[in-house]
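Structure first, then comments.
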Amino acid sequence: MQDYLEGLNEPQREAVEQTQGPALVIAGAGSGKTRVLTYRIAHLLNQRVKPYRILSLTFTNKAAKEMKERIGKVVGVEVANNLWMGTFHSIFARILRVESKHLGYPSSFTIYDSADSKNLIKAIVKRLKLNEKAYKPGAVLSRISSAKNDLITPVAYARDANRLTSDKMAQMPAIHEIFSHYMRDCYKSGVMDFDDLLLNTNILFRDHPEVLKKYQDHFDYILVDEYQDTNFSQYLIVKKLAEPHKNICVVGDDAQSIYSFRGAKIENILNFRNDYPGYKMFKLEQNYRSSQNIVNAANSIISNNKGQIQKNVFSAKEIGAPLRVLKAYSDVEEGFIVANDIFDMRMRQQLSFSDFAILYRTNAQSRVFEEALRKKNLPYKIYGGLSFYQRKEIKDLLSYFRLAVNPIDQEALKRVINYPARGIGKTTQDKLEAVSLASDRSIWEIIISPGVVETGLNTGTQKKLYGFATLISRFISQLNDFSAYELAAEIASASGVLRDLNEDKSIEGQGRVDNVDELLNGIKDFTTSRLERGEPCGLINFLEEVSLLTDQDNDNPDDRDKVTMMTIHSAKGLEFKNVYVVGVEEGLFPSLQSVDNEKGLEEERRLFYVAVTRAENNATLSFARSRYKYGELINTRPSRFLSEINPQYLQLSGDDILSNRISSPNSSDFNRSNKPKLSFSQPTSGKVPLKIKLSSPETKPRIDLSGANTPMGQLDVGMRVEHERFGIGVVEAIDGVAPNQKATVQFVNAGSKQLLLKFAKLNILP
């Protein structure tokens with residue numbers, strides 16, 4: 001037996017060694033699916049399969065890179081580098097560059113990111129004189145993306161009664177018209193967006209069967225990672241490529257299918273058995289990541305879903321700590337509770353900040369946790385924030401790069417035609433765009449032709465345009481002779497971008513210069529690495545790599561020892577020693593849109609399962625009893641998902657107890673099934689040695705201390721009080737004279753606060 005097989009458990013080894021025919025590998029959370037994929041490919045290579053005959057598709061460049069490195073250690077780096085391994089988008093972009101002539105695109109087509117697409121949509125909405133408030137670029141792009149992933153072209157969209165009705169209900173009846181203009185403008189600019197890479201590959205294979213056969217014959221083995229996340233477009237390409245030999249192995253977990261909003265179809269993995277009769281199934285059920293309590297709790301959650309492939313995930317690790325459930329009075333106090341807990345646990349166990357992650361359902365929840373972490377001086381990073389490549393100075397320089405590769409790229413040209421300022425203002429640009437639309441030519445084609453006179457621009461302006469065209473033409477002429485780094489450095493200097501940035505001597509200005517320097521450093525590293533591997537290292541190669549980056553591929557070394565904050569969707573595939581899943585409330589998690597929809601509710605439950613299984617040692621779940629929404633504090637209730645966890649895997653008591661029952665949406669007491677009542681621990685910051693025991697909320701005296709006529713004598717130093725946002729505390733001092741009397745209160749989790757009593761509503765506790 002080869003050495004690489006010795007470290008596999010029995011199901012893993014079986015999945016690796018069975019290489020012929022269709023195979024479905026159901027990989028539970030933390031069960032080593034990457035190892036199986038990696039060694040399955042290595043096993044094929046050891047059986048003398050040529051590396052270029054193997055196609056391996058992933059969802060992130062990071063995953064592809066890690067797998068290729070592991071395979072290289074088994075069979076050699078040179079062999080591993082000849083694999084067709086990468087993301088769906090990068091592999092299909094590679095095919096489209098070779099076959100672009102069949103679709104009428106230049107082989108040097110550029111790729112729009114979402115910001116470019118939104119800018120184009122914004123321009124089209126304005127061109128069509130539509131209501132800009134109704135047709136928001138993000139919403140329009142989402143509908144266009146959804147159509148493309150379902151292989152709907154503009155012509156088909158205009159005939160789709162369901163989509164047209166949906167658009168009308170959303171007060172955006174002209175989506176089909178915008179879609180048509182968008183596709184036409186992209187084609188004229190020689191660009192594709194992310195969805196086009198999938199759509200155009202399908203069109204290529206549909207309309208050119210000889211091209212499809214070429215790639216069917218090329219790939220003898222196909223492997224797909226995270227198959228449950230594939231959309232219809234990806235599914236169809238894979239199915240076509242695997243049709244002749246059916247040597248297809250898909251790896252995934254239906255319990256972690258959480259991207260339906262992006263078009264992912266859980267049916268792809270559930271129906272694999274129907275697509276490939278005679279398939280073999282392998283179940284990877286041993287979780288190597290999480291403690292037994294975490295795995296068992298997660299199993300009890302997901303068991304409530306009807307649509308799933310049954311498996312029994314187990315952990316051979318230690319039993320571990322039970323999952324804690326923390327209750328807060330408000331979202332503000334929830335932030336303080338979590339920040340205090342991270343502070344205490346890190347100090348107590350001598351952990352790194354990077355050992356902690358805060359996961360939330362929506363990005364909007366991050367604010368209160370940011371504020372709480374800052375007040376505790378805890379460093380944090382927000383995953384999925386502004387990408388390095390989305391910063392203005394970086395986008396500006398990348399636009400110059402794109403023009404050198406593809407000068408008809410209209411969005412890139414419009415971005416830098418007057419940056420740095422060269423006297424080509426908005427009036428000139430509007431005239432150029434009008435001629436472009438009327439003549440169905442790109443702006444670049446207009447400014448390099450004698451016909452620029454037809455724009456009606458004066459001689460001085462034409463001279464400025466000629467100067468810009470000469471500059472870009474110079475970069476184009478250097479494209480094939482310069483490496484990516486050589487040309488990038490030349491463009492940064494000759495374009496005037498570096499000079500313009502260096503003129504700003506502010507701290508922010510210096511930061512922008514540093515960012516450009518970092519970009520050039522990255523291009524230098526890219527060029528050197530490619531040269532060492534004997535791979536193409538031109539600017540076009542760098543641009544393609546950057547344009548196909550995913551969120552998980554952006555790794556800043558300066559961010560490594562920080563508390564991580566991210567949405568649960570972004571956390572999939574990651575793991576942390578200690579995880580806080582926050583905002584576990586009805587209407588938030590599960591989301592309000594899903595509670596009356598069984599299919600939607602099951603996806604929310606899978607999302608909760610994903611959140612819990614990110615944790616290795618400790619999983620903490622928190623909820624607030626009130627939360628600000630549209631400027632008002634509203635009452636909330638614990639999520640039904642908390643009641644679905646078997647109580648034996650939960651922490652039911654703590655030093656400071658807040659007794660509470662989690663109400664299910666349809667009952668005042670979910671404990672009708674004789675489950676024990678749950679108690680929720682609320683850790684203190686360690687500053688206030690309070691022994692708090694609360695009676696039920698109904699028996700607490702509600703004394704309203706607001707208003708100038710309230711007798712202030714009711715409140716005294718040493719009293720225990722409750723505040724709707726800050727929770728429980730002790731009055732340390734009362735100062736001033738009514739009606740401007742203030743109380744200093746040391747709250748258990750929120751720390752010391754000075755409150756103006758005529759506005760602060762406090763409950764005096766026994």
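In K188, the NZ atom is crowded: over 12 heavy atoms of neighbouring residues, nucleotides or ligands sit closer than 6.0 Å. In this structure, F261 places its CZ atom where more than 12 heavy-atom neighbours from other residues, nucleotides or ligands lie under 6.0 Å away. Enclosure of atom CZ in R184 by more than 12 non-hydrogen atoms of other residues, nucleotides or ligands within 6.0 angstrom is indicated. Residue E69 qualifies as enclosed at atom CD: its count of foreign heavy atoms under 6.0 Å is above 12. By the 6.0 Å contact criterion, NZ on K133 is open, its count of non-hydrogen atoms from other residues, nucleotides or ligands being 12 or less.
Residues E226 and K572 are paired through a salt bridge, judged by an N-O separation under 4.0 Å between the basic side chain and the carboxylate. A salt bridge does not link E616 to R289: none of the charged side-chain nitrogens sits closer than 4.0 Å to a carboxylate oxygen. Under the 4.0 Å criterion applied to side-chain N and carboxylate O atoms, K148 and D195 are not assigned as salt-bridge partners. The residues E371 and R367 are annotated as salt-bridged, a charged nitrogen and a carboxylate oxygen being separated by less than 4.0 angstrom.
Heavy-atom minimum distance, S442 versus E445: N-OE1, 2.8 Å. Considering all non-hydrogen atoms of both residues, D500 and P420 come closest at CB-CG, 4.1 Å. Closest non-hydrogen pair, L103 versus Y187, comes out as O-CE1, 3.5 Å. Across all non-hydrogen atoms, the minimal contact from L588 to G583 is CD2-O, 3.4 Å. Closest approach of K122 to P137, counting heavy atoms only: CB-CG, 4.2 Å. The minimum heavy-atom distance between A611 and L359, with the atom names listed, is O-CD1, 4.0 Å.
Considering only heavy atoms from C-beta on, W84 comes within 4.5 Å of I95 through its side chain. In this structure, L83 and Y52 have side chains that are not in contact, with every pair of non-hydrogen atoms separated by 4.5 Å or more. In this structure, the side chains of K33 and D253 stay at 4.5 Å or more apart for every pair of heavy atoms. In this structure, the side chains of F468 and L403 come closer than 4.5 Å at one or more pairs of heavy atoms. Contact annotation: the side chain of T564 never approaches that of S354 to less than 4.5 Å [non-hydrogen atoms, C-beta and beyond]. The closest side-chain heavy-atom distance from M183 to L199 is below 4.5 Å. Using a 4.5 Å heavy-atom threshold, the side chains of K68 and M85 count as touching. Residues L37 and T34 are not in side-chain contact: their nearest non-hydrogen atoms beyond the backbone lie 4.5 Å or more apart.
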* Please test F576 against F356 for ring-ring contact (aromatic ring centres under 6.0 Å, His included), starting from the C-alpha separation and ending with a verdict. => CA-CA 6 Å; F576 303 90; F356 297 89; 9.9 Å; no

* Evaluate side-chain contact (heavy atoms from CB on, under 4.5 Å) for Y227 paired with V251, printing each intermediate quantity in order. => CA-CA 6 Å; Y227 192 64; V251 181; over 6 Å; no

* Asked: Does the pair K118 and D193 meet the rule for a salt bridge (Lys or Arg N to Asp or Glu O under 4.0 Å), with working shown?
  -> CA-CA 11 Å; K118 289 174 185 176; D193 63 18; over 6 Å; no

* To do: Please report the C-alpha distance between S108 and N406 in whole Å, then the side-chain angles of each, then the deciding distance to 0.1 Å, and finally whether the side chain to side chain donor-acceptor pair (under 3.5 Å) criterion is met.
  => CA-CA 6 Å; S108 60; N406 176 23; 5.0 Å; no

* To do: Could you walk me through whether S145 and S142 pass the side chain to side chain donor-acceptor pair (under 3.5 Å) test, one step at a time?
  => CA-CA 5 Å; S145 176; S142 176; over 6 Å; no

* To do: Could you go through the side-chain contact (heavy atoms from CB on, under 4.5 Å) check for Y360 and V581 one step at a time?
  => CA-CA 6 Å; Y360 34 76; V581 185; over 6 Å; no

* To do: Could you check V250 against L223 for side-chain contact (heavy atoms from CB on, under 4.5 Å), going step by step and ending with a plain yes or no?
  => CA-CA 6 Å; V250 303; L223 300 95; over 6 Å; no

* To do: Give the C-alpha distance, both sets of side-chain angles, the deciding distance and a yes or no for side chain to side chain donor-acceptor pair (under 3.5 Å) between Y383 and T567.
  => CA-CA 8 Å; Y383 201 90; T567 63; over 6 Å; no

* To do: Please lay out, stage by stage, how V563 and D355 fare under the test side-chain contact (heavy atoms from CB on, under 4.5 Å).
  => CA-CA 7 Å; V563 176; D355 292 330; over 6 Å; no

* **Intermediate values then yes/no, side chain to side chain donor-acceptor pair (under 3.5 Å), Y380 and E370** => CA-CA 8 Å; Y380 65 89; E370 286 188 72; 2.9 Å; yes

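Interatomic distance, I568 CD1 to R606 CZ, rounded to the nearest 0.5 Å: 14.0 Å. For the atom pair L413 CG and I443 CD1, the distance stands at 5.5 Å (nearest 0.5 Å). Between K464 atom NZ and T428 atom OG1 the span is 7.5 Å, to the nearest 0.5 Å. For the atom pair S146 OG and R262 CZ, the distance stands at 14.0 Å (nearest 0.5 Å). Remark: R441 CZ to S436 OG distance equals 8.5 Å, nearest 0.5 Å. Distance check: Y235 OH to N268 CG gives 6.5 Å after rounding to the nearest 0.5 Å.
Side chains of N149 and S233: no donor on one and acceptor on the other come within 3.5 Å. For the residue pair Q390 / D113, a side-chain donor-acceptor distance below 3.5 Å is found, with atom types taken as modelled. There is no side-chain donor-acceptor pair under 3.5 Å between T58 and D225. Judged purely by distance below 3.5 Å, without hydrogens or angles, the side chains of E99 and Y215 pair a donor atom with an acceptor atom. With 3.5 Å as the limit, one finds a donor-acceptor pair spanning the side chains of S90 and T87.
A distance-only check finds a donor-acceptor pair linking the side chain of Q365 to the backbone of T362 [under 3.5 Å]. Under the 3.5 Å distance criterion, the side-chain polar atoms of N61 are matched with a main-chain donor or acceptor of L548. Not a single donor-acceptor pair under 3.5 Å links the side chain of R143 to the backbone N or O of A139. Judged by distance alone, with hydrogens and angles left aside, the side-chain atoms of T528 form no donor-acceptor pair with the main-chain N or O of D525 at under 3.5 Å. Between the S495 side chain and the I491 main chain, a donor and an acceptor come within less than 3.5 Å of each other. A donor-acceptor pair is defined here as one N or O able to donate and one able to accept, closer than 3.5 Å; no such pair exists between the side chain of Q256 and the backbone of G252.
A side chain to side chain contact (heavy atoms under 4.5 Å, CB included) with L130 is found for one member of I124, V140, I178 and no other, namely I178. Just one of K414, R402, R415 meets the salt bridge (Lys or Arg N to Asp or Glu O under 4.0 Å) condition when paired with D116; it is R402.
Geometric assessment of R97 against the ring of F109 yields a positive cation-pi assignment under the 6.0 Å and 45° thresholds. Cation-pi contact between K524 and Y485: present, with separation from the ring centre below 6.0 Å and deviation from the ring axis of at most 45°. For the pair K265 and Y259, the cation-pi test (distance below 6.0 Å, angle within 45°) is failed.
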